[in-house]
2 protein chains.
Amino acid sequence: MARKSLVGVVADELLDRIIAGDFPPGSSVPGELELSARHEVSRMTVREAMKTLEAQRILSVERGRGTFVNPLNRWASLEAVLRAASEGQNEAAASVQLIELRRMLETGACELAAARISDADIQALFGHVAAMRAAHKVNDIAAFVEADLAFHDLILRASENVFVAVLFAPLHRVLEKRRAETSAVPTIQEHAIGHHQNIAEALESRSPSRSREAMDLHMQQTLDDLKNLVLEAP
Amino acid sequence: MARKSLVGVVADELLDRIIAGDFPPGSSVPGELELSARHEVSRMTVREAMKTLEAQRILSVERGRGTFVNPLNRWASLEAVLRAASEGQNEAAASVQLIELRRMLETGACELAAARISDADIQALFGHVAAMRAAHKVNDIAAFVEADLAFHDLILRASENVFVAVLFAPLHRVLEKRRAETSAVPTIQEHAIGHHQNIAEALESRSPSRSREAMDLHMQQTLDDLKNLVLEAP
DNA sequence: AAATGTTAGATGTCAGACATCTTACAGTTA
DNA sequence: TAACTGTAAGATGTCTGACATCTAACATTT
């Protein structure tokens, strides 16, 4: 476990207070001196924490006036927005919205990939599906998830769109944990194998619309799985 | 013009050197002391600059070892990735990829909005289209662009997906300038008016698939317009 | 009433010091 | 020889105190 530096702790605590509503958007946060006293750190440490929040467009620093909280829709950090959006009973809603976002990016990337993917990569896709089948047979969840992720990563890369990958990375981090949970259910594994097979075949046909449709069905099923798992939480 | 602080300047210069290839991904960046000497600023200033790059996942700082450049696909800043991807003769390719990304998000948001948009918002959409028509008649480009942007922003908000808006904000900043250029061509204005009318009508019918399709056609046209303008640059 | 000067409070930058972590290397020991 | 240990160099982490500069509000002067 990576021990967090003081700067990280201060930034986290400050973000927590912002999300809790202590400093609503448009208002100013306490001055650097006041914060350094409250968190019992030096002013430089507070400044570095502020810099990290400023780089994520959560705060706007105005020299001579103070430091202000930006409205949520200007925040550039998916993780921070997720934390804010998951407050209260909104966690389920936030999860659904994340999947919706993933659906947009993955179906779009799949459509692009259909016209650009190489023969070698298509063979690799079928290889990953085979790996998923094998893992399913021996009930090796870790191997199953690994092949699953590799499958999707390959399509992302095959889309040859750098920006899609950039936007997808934070999503990947956020959804990683839940993916392992859903993949633990054998029935869901079977569904996923079928969908992946269809996607690979669609890409092999080089049809953008068919590829997009195949990925869309897969995403739709993922969303249903999530809803079922979230709603029947023990 | 906002004067940049020294921290911003150092961060920019360092990012420039990274993009130029002075410090390839995986390699380490010079130590804080060396950088403070090179840029003729104090070590604290260098540290704050590094913190901003670290918050964007461009750098990884490891205590006792050094500071390292992350691979491009881990960068969390669309702007930074755009700068890196536009190096050399890649600017046109980067522009196309940005539109592809915008297409994914806007068509997805439009599809979601169809099931969630209010009657009042639909009326507002038709109002924006009317404003575009009026601006087109008197050749008021600024007013045209403003109504255009308001139209798309409204759909984004109507999708009720916070994360889409978050990812779209940086895209918006990047594409804003080019939008003004394309909107200056009368023929393109006429096309856009027709597409916006179709989108509003599709949303009014509350059909997700039809709404998505209407927005997709609009995005396709935008992409074509961009290609024509980029390729025939004077 | 308008222009000007003053001042308090905020962020920006600097200098120097010490703490702590990582790594490499030399030396010690079994 | 091989494994352990101590030491030192170099990196980042943090602290203290100081001064600079910008902003906004208030007081003063014209």
Side-chain angles (χ1 to χ4, degrees), chain A residues 1-15 17-18 22-71 74-76, chain B residues 1-18 22-70 74-76:
Chain A
M1 189 80 153
R3 296 177 303 279
K4 272 189 180 170
S5 65
L6 277 183
V7 172
V9 172
V10 172
D12 262 2
E13 290 182 5
L14 188 52
L15 180 54
R17 292 176 70 190
I18 291 173
D22 289 8
F23 318 116
S27 72
S28 70
V29 303
E32 296 171 346
L33 245 154
E34 186 178 339
L35 285 176
S36 72
R38 184 185 207 278
H39 295 277
E40 294 179 330
V41 296
S42 76
R43 196 186 145 214
M44 295 312 304
T45 302
V46 170
R47 279 183 60 79
E48 292 191 7
M50 300 261 230
K51 270 281 174 300
T52 72
L53 296 182
E54 188 191 10
Q56 300 173 118
R57 298 181 195 275
I58 294 169
L59 295 178
S60 283
V61 181
E62 295 180 30
R63 179 171 185 176
R65 301 206 334 118
T67 304
F68 303 86
V69 180
N70 288 329
R74 283 196 199 148
W75 293 14
Chain B
M1 189 80 152
R3 297 175 302 278
K4 271 190 181 171
S5 63
L6 278 183
V7 172
V9 172
V10 172
D12 262 2
E13 290 182 4
L14 189 51
L15 180 54
D16 277 339
R17 291 176 72 190
I18 292 173
D22 289 5
F23 318 115
S27 72
S28 74
V29 108
E32 296 169 348
L33 249 157
E34 186 178 339
L35 285 175
S36 71
R38 184 186 209 279
H39 296 276
E40 296 180 328
V41 297
S42 74
R43 196 185 145 216
M44 295 311 306
T45 303
V46 170
R47 280 183 60 77
E48 293 190 7
M50 300 262 230
K51 270 281 176 300
T52 72
L53 296 182
E54 189 191 8
Q56 298 172 129
R57 297 181 195 276
I58 294 169
L59 295 178
S60 282
V61 182
E62 296 180 30
R63 180 172 184 176
R65 301 204 337 115
T67 304
F68 304 85
V69 180
N70 289 328
R74 284 198 198 146
W75 294 14

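Everything quoted here is computed from the prediction, not taken from an experiment. Reminder, nothing fancy here: chain letters follow the sequence lines and each chain counts from 1.
- An OP1 or OP2 oxygen of C:dG9 is reached within less than 4.0 angstrom by no side-chain nitrogen or oxygen of A:R65.
- Where A:V7 and B:G66 meet DNA chain D, the nucleotide closest to each residue was compared, and B:G66 sits on the side nearer the 5' end.
- Between A:S5 and D:dT12 there is no side-chain polar atom (N or O) within less than 4.0 angstrom of OP1 or OP2.
- Checked against salt bridge (Lys or Arg N to Asp or Glu O under 4.0 Å), B:R43 has the following partners two or more places apart in sequence or in another chain: B:E32.
- Within the structure, a side-chain polar atom (N or O) of A:T67 is placed less than 4.0 Å from OP1 or OP2 of C:dT11.
- The local environment of CZ in A:R17 is crowded, with over 12 non-hydrogen atoms from other residues, nucleotides or ligands closer than 6.0 Å.
- Of all heavy-atom pairs between A:N70 and A:S60, the closest is OD1-OG, 2.9 Å.
- The distance between atom CZ of B:R63 and atom C1' of C:dT23, rounded to the nearest whole Å, is 15 Å.
- With respect to A:E48 and A:K51, no salt bridge is recorded, no charged nitrogen being found less than 4.0 Å from a carboxylate O.
- Contacts between residues 37-47 of chain A and DNA chain C, defined by a heavy-atom separation under 4.0 Å, are made by A:R43, A:M44, A:R47.
- Closest approach of A:A11 and A:A49 over heavy atoms only: N-CB, 3.7 Å.
- The minimum heavy-atom distance linking A:F23 with A:S28 is given by the pair CD2-O, 4.2 Å.
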